[in-house]
Amino acid sequence: MDVKERVEGKGEGCKMEVKLIEKSGNEMRFLVTNLSVSLANALRRAILTLVNVAAIEDVTIYKNTSSMYDEVLALRLGLIPLKTVPTDKKSSKKIRFLLKEVGPKIVHASDMKVEDPDFAPVYDKTIIMELKRGEEIDLEAEAAYGNGLDHAKFVPAHVFYHFYPIIDIKDSDVKNAKEIAKKCPVNILEAEGGKLSVKKGSIDKCILCKACEDFAGKDVIEISSDPKKIIFEIESWGQLSVKDIIDEAVSGLNSELDMIEEKVL
Ligand code: SF4
């Protein structure tokens, strides 16, 4: 059984279950039951390091009379998320960008002329710099594929996981139920009719901060977690869809394991 089968909960005798909790835009949350923490972490690290996305790598500045140093400008350009055509191998494709502007102007990512629209900036309104009256910028940039092992600018998403929360309300009839509910930063506690409870269907949104427990005491509400249930949260920076990110991370992990198997067996 390969990593993909384990992550997808297939395979003989595998009791793993995967349930999609939420998927909207660039974000996805899913619950995996009976997944080992080491495998969960392997998937997280594969997303951070084995997924290839495009980002600006080389910048040639012909003119910069703005107050922003060339180095800072080049760094900002590198951090602009670019739409990326998914590839499970690092591609040698280079994409050229041109930027030539005169102030007064706020220069946005959409002002860059890109030779291949498949690699245009994800967010047009990303601000690159402000040019005062008469200030000029004239540069050429080249984007290339890379992954998180090369540089953090190639990391495709914010990804983390946590155990499934257990909220044990021992005494729902507390006098200060409203105050306790107000302590919850994600607003999942309620105090209807003076009784403390968790809003229906919202327990998986608990971030295990224990603010309620610290305020009310363990004799009223106790927070713990179930290590057999892991909630994954993935937010793409926009270069790739979450589905493409997971696909590429799992296939990257599989090829690394195949390589180990090939060399040692
Ligand atoms: S642990 Fe934090 S997030 Fe969870 S219910 Fe308590 S206050 Fe809310």
Side-chain angles (χ1 to χ4, degrees), residues 6-9 14-49 51 81 122-123 148 152 155-246 249-250:
R6 283 201 60 85
V7 170
E8 288 178 350
C14 180
K15 293 196 188 106
M16 195 187 303
E17 280 173 32
V18 183
K19 186 180 154 218
L20 184 66
I21 301 174
E22 206 178 335
K23 189 178 166 207
S24 62
N26 285 341
E27 293 174 44
M28 187 189 278
R29 300 171 72 227
F30 56 93
L31 169 68
V32 192
T33 308
N34 292 322
L35 175 73
S36 72
V37 175
S38 47
L39 193 50
N41 201 33
L43 178 60
R44 184 188 73 88
R45 294 187 70 94
I47 289 172
L48 296 178
T49 58
V51 178
V122 177
Y123 307 105
V155 170
H158 176 46
V159 51
F160 62 97
Y161 58 84
H162 56 86
F163 295 141
Y164 195 85
I166 299 172
I167 303 175
D168 183 9
I169 297 176
K170 298 181 180 177
D171 183 1
S172 63
D173 247 339
V174 277
K175 277 194 197 127
N176 55 351
K178 263 194 184 164
E179 281 73 35
I180 300 170
K182 273 191 200 154
K183 290 285 165 192
C184 179
V186 287
N187 196 25
I188 61 165
L189 296 177
E190 62 185 359
E192 286 257 312
K195 285 199 183 252
L196 185 65
S197 62
V198 180
K199 287 182 186 167
K200 204 168 168 225
S202 58
I203 189 166
D204 54 58
K205 293 198 178 78
C206 171
I207 54 170
L208 301 165
C209 67
K210 296 198 175 187
C212 52
E213 184 187 284
D214 290 345
F215 179 74
K218 277 189 182 174
D219 49 334
V220 175
I221 183 165
E222 188 169 0
I223 305 297
S224 57
S225 55
D226 181 350
K228 288 196 175 139
K229 292 170 146 186
I230 291 178
I231 296 178
F232 254 93
E233 311 222 4
I234 305 174
E235 183 186 355
S236 161
W237 301 132
Q239 300 98 320
L240 294 171
S241 69
V242 176
K243 181 187 170 299
D244 286 335
I245 291 172
I246 295 174
V250 171

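What you see below is based on every heavy atom in this structure, not just the backbone, and it leaves out hydrogens, waters and symmetry mates. Both ligands and their constituent atoms are indexed starting at 1 by order of listing.
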So, Ser202 side chain and Lys205 main chain: donor-acceptor pair closer than 3.5 Å or not?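 Answer holds: no.
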Identify the closest protein heavy atom to [atom]: which residue and atom is it, and at what distance?
atom                    : value
atom 3 (S) of ligand 1  : Ile207 N, 3.4 Å
atom 4 (Fe) of ligand 1 : Cys206 SG, 2.3 Å
atom 6 (Fe) of ligand 1 : Cys212 SG, 2.3 Å

Please list, in number order, the atoms of ligand 1 under 4.0 Å from a heavy atom of [X].
X      : answer
Pro185 : 7 (S)
Cys184 : 3 (S), 7 (S), 8 (Fe)
Val186 : 3 (S)
Lys210 : 1 (S), 2 (Fe)

Show the numbers, then the answer: is there a side chain to side chain contact (heavy atoms under 4.5 Å, CB included) between Val51 and Gln239? CA-CA 11 Å; Val51 178; Gln239 300 98 320; over 6 Å; no
Is there an N/O/S atom in Cys209 at a distance below 2.8 Å from atom 2 (Fe) of ligand 1?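 Here the distance criterion (N, O or S atom, under 2.8 Å) is met by Cys209, so yes.
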Look at the aromatic rings of Tyr161 and Phe232 and report parallel, tilted or perpendicular, splitting at 30° and 60°.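 Correct class here is tilted.
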Would you call Tyr164 and Leu31 a side-chain contact if the rule is heavy atoms closer than 4.5 Å?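 Yes, close enough: below the 4.5 Å cut-off.
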For a 4.5 angstrom cut-off between non-hydrogen side-chain atoms, does Phe163 reach Val37?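 Heavy-atom side-chain distance check passes, below 4.5 Å.
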Salt-bridge present (Lys199, Glu190; N to O < 4.0 Å): no
